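Beneath this line is the structure, given in structure tokens, with notes to follow.
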Amino acid sequence: MFKKSYFQNSIIYYYYCRHNSHSSSKHSKTFYKLYSTLSSTSSSLSSSNINFSEIERKWINKWKILKNHKKKISQQQKNDVNNNEKEKFYVLAMFPYPSGILHMGHVRVYTLSDTIARFRKMHGYDVIHPMGWDAFGLPAENAAMERNIHPADWTISNISLMKAQMEKILADFDWDREVTTCQPEYYKWTQYLFLQMYKANMAYQKEALVNWDPIDQTVLANEQVDSEGCSWRSGAKVERRKLKQWFFRIKDYAKDLLNDLDTLDKWPDRVKQMQRFWIGKSEGAEFDFVVNSGNYPFTAKIFTSRPDTIFGVQYLAISADHPLVSKDFLPQDKYSQVFEFANQIKQQQKVLDMNDENFWKGINTGMFATHPFTGLPIPLYIASYVISDYGTGAVMGVPAHDKRDWEFFNRNFHDNDDNNNNINIKRVVRPAKKQNKDDKDVKDVKDDDNKIFTSFGILTENCGKYAGLTSKEAMKKIVHDAHKSGYGRWSIQYRLRDWLISRQRYWGAPIPMIHCSNCDAVPVPESELPVLLPTDVSFTGRNGSPLKQAHDWINCKCPKCQGPAQRDTDTMDTFVDSSWYFMRYTDPKNNLLPFDKEKASELIPVDMYIGGVEHAILHLLYSRFFTKFMFKQGMYLPRNNNQNNNKNNVNNVQGQDEPFKQLVTQGMVHGKTFKDPITKRFLKPEEVDLTNPNNPIHISSGLTSLVSYEKMSKSKYNGVDPETTINKFGADATRLHILSKAPVSEVLEWEESSIVGIQRWILRVKRLVENIVENNHHLINNDNNSNNNLPTSYDQNFVCDLNLMSNEEKNTYRIINNTIKEVTTVFESSFSFNTAISSLIKLTNHLTNINIKNTSSVYEYGLRSLVKMIAPMAPSIGEEFWETLNNHKQQQQSSETGNEIKINTIFDESWPKVDEKAFSVEEVTCAVQIDGKMRFTIKLPTTMLHDNLLIESLIKKSKNNEKWFIDNNGNEKKIKKVIHVGGGKAVNFVFEK
Ligand SMILES: [Zn+2]
């Protein structure tokens, strides 16, 4: 029986090696199929089993004891200076919103961060792996309205629920560092940071047209409105309203936020690209157009990325709230008409796009600006498409060379031209012939006066002395000349706008400002922080924020003149809370400052940040902005600069004020979704017969239902509850499953049935572990062993003499080291855990199939390394196997140390090191016997030694040796059996007589 399954294993294993293509999930699927076939035919599997939940409970308890024990020790040693000289490693998973339920996406991200944290610990780092709660926000307030409980109570009870769930997934967080953003101990410092922004003139209040979410009844930042003009949270079509709001000057940091992206070489390109696009740098020039309409001249500055088209300007377009739209400037006869139009635009309740007729609305103001080059009068229009807070609120209209201008001109000009003149479109650039193929600036297009031409080309005779120049040459000359004459200059514009942080909601950090009729806006003195949220408010959902009704709270004294004043009733965007929480983790209990400078300087930047790609712009951009601000304020020094603790001595290294050195964005978890094949309606689980998993039947119609993987949602009935999965399969297997199913950044298609394959693998490792304890005497008594290779301690790295090894040992040693190499690379840099798990399964197969199981220390080293490498991904199983392996040793120790509690944890062990020597062995000499007689030797590559069939075919085909396998008639001799000795040391072919 053993022989049979052994044989099957080698074939399957060989197949697997041949078809192993790295990191594709397709490959892992094929592999699972193979693996399950292999397992189900193996006989002894059913005899043994694992009680996953029992092991998990056992280790959760042991870890608790261990943590308390370590805490005591570290408190005792507090006075020892520098007792921890290990290098720090700060690994961070994005903290969750405490909704009360951990979903599969959470399980995926925390499994990742926990695996990396545990690996780094074993690799000798002092690891910081904190967790907390992004606890302010609308759901709590909505729950309060629905269920009549205070948002604080709802939030706190959800936190305790989720904490328990996090324990169940075996995540080892530093709960000592826990932060909760809705607690006064935290938001006091969010308010403090607001005041620092205010003091630095980085926070300001202005009346502006803002995005209004009619469902959530609050304003939104631009980042929180999607490309369709809908709210990121409620999905409602966003409206425009004019309100007085607080802003952070993130735009002042646009240049650094953009340029420093180049220093983030461990960030996904996709995220950097999204930020670049959002910041939206455009290079061009600024020109001054003087308007001589009122009592005094007004200079309208306009920005263009195409200064070569300046001679094509046929109108200027200004925003509805441009300073020129006033009685001081508008011609009297036009005033009422223009003002009415401007008001109409300002009150527009919708964010417009090009498909909207209203987008193209405009009106001739009757004013003219003087063209700086030609001196000609240029009519001034108010255009709906010009927004005041982008650029200068005024743009030049060049209909011949810009699509939007072309549209606007054609729709508005003829109707609005007072004299009804047919105004021709003025072309200033014509297509140029390409000089050579590489000329990217020039497009080969036919010249057509009636068509818009937006590419670079040659300037026409309309451009005076610049005619005949290429666009590029002309830009340089035109801007140069304008600069000399004082009416133009090179300029850079950003799409990024200032961050609107006021929210008309209750459950957030109150903005620490007081409004006084004498002193205007006055900051709350730092000594009076926190401005606590009043608790005696009612959540009716009507009349705006509950804070507006909290009159006792609103009415206060002005800190400046002591007169009667009112508190600001808005709270801060919750993205402000999460923009600095990773700094608070470095010093979570500080009650004098947000964090101690020295403590933050030891840990920031975060070494590795893990979270969803959906935060590519909002949270990650805001956090970068805050960190840069805090750095500028001297609140911390970057870690690399620690030697230079003198503030004046800080080197100006680009990107040193970035918060996250490395960013890993994990893909979503998609659920298996069933649809009615005819109506395409989503089917509930009870509507589908899964007797044959490959053919799910829609019960009522009897037809095969459609199957797809989609984002988990209630309406699709495809959600998977992590707790149910963990109860069924165990947390270790669930974690391994998550890591093995897909590369980190890709979508994970949740397929429960394949967890069984992982369980079977764990079971096989368990059998190997038990087997070595039952049969291997090395563990019990080192002295009794004749093999000189045996390491004296298994807790140290295995050192051995290759010369004393048999071929099979050498080969095994090479495979072990190769696995260590592959797996370490995955844990350190590639994070393709699916390939790491494949490597570990391969090693398991090898260790299962070799002959030196009960005799060699190399084998034991391999098994111990295997268990160590599994442990960060499957921590309680890792601990359990390690304990079994050390059982005897531990018993000895505990009898020596008496009653003292001692728990050996695998996470105190060091990660196996790669021994490069192992790879020096490339070939071994194999003695070939024919019917028991030694006939010849052959060199075998070590890479083949695991595979007996391969060895045999190589021997049979080896040069000059074919004769041994051919009979006198030239036919292949029939082999009765083949005996392999020592994995390539010798092979004996026995032929039928
Ligand atoms: Zn005052």
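Each residue takes its place number in the sequence, starting with 1. Atoms within a ligand are numbered from 1 in the order they appear, just like the ligands themselves. Here the structure is a predicted model, which is why all the values come from computation and not from measurement.
- Using a 30° and 60° split on the angle between ring planes, Tyr204 and Phe247 fall in the parallel class, below 30°.
- A donor-acceptor pair shorter than 3.5 Å can be found between the side chains of Glu526 and Gln196.
- The backbone N or O of Glu283 sits nowhere less than 3.5 Å from a side-chain atom of Gln493 that would complete a donor-acceptor pair.
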Less than 3.5 Å apart, which donor and acceptor atoms pair up between the side chains of residues 145-152 and the rest of the protein, not counting sequence neighbours?
unit_1, atom_1, unit_2, atom_2, d
His150, ND1, Ala152, N, 3.0
His150, NE2, Tyr506, OH, 3.1

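- Annotation: Glu207, atom CD; neighbour count of heavy atoms from other residues, nucleotides and ligands within 6.0 Å is above 12.
- Counting only distances under 2.8 Å, and ignoring water, the protein N, O or S atoms around the Zn ion (ligand 1) are Cys516 SG, Cys519 SG, Cys558 SG, Cys561 SG.
- Counted by atom type alone, Trp246 and Asp568 present one or more donor-acceptor pairs between their side chains at under 3.5 Å.
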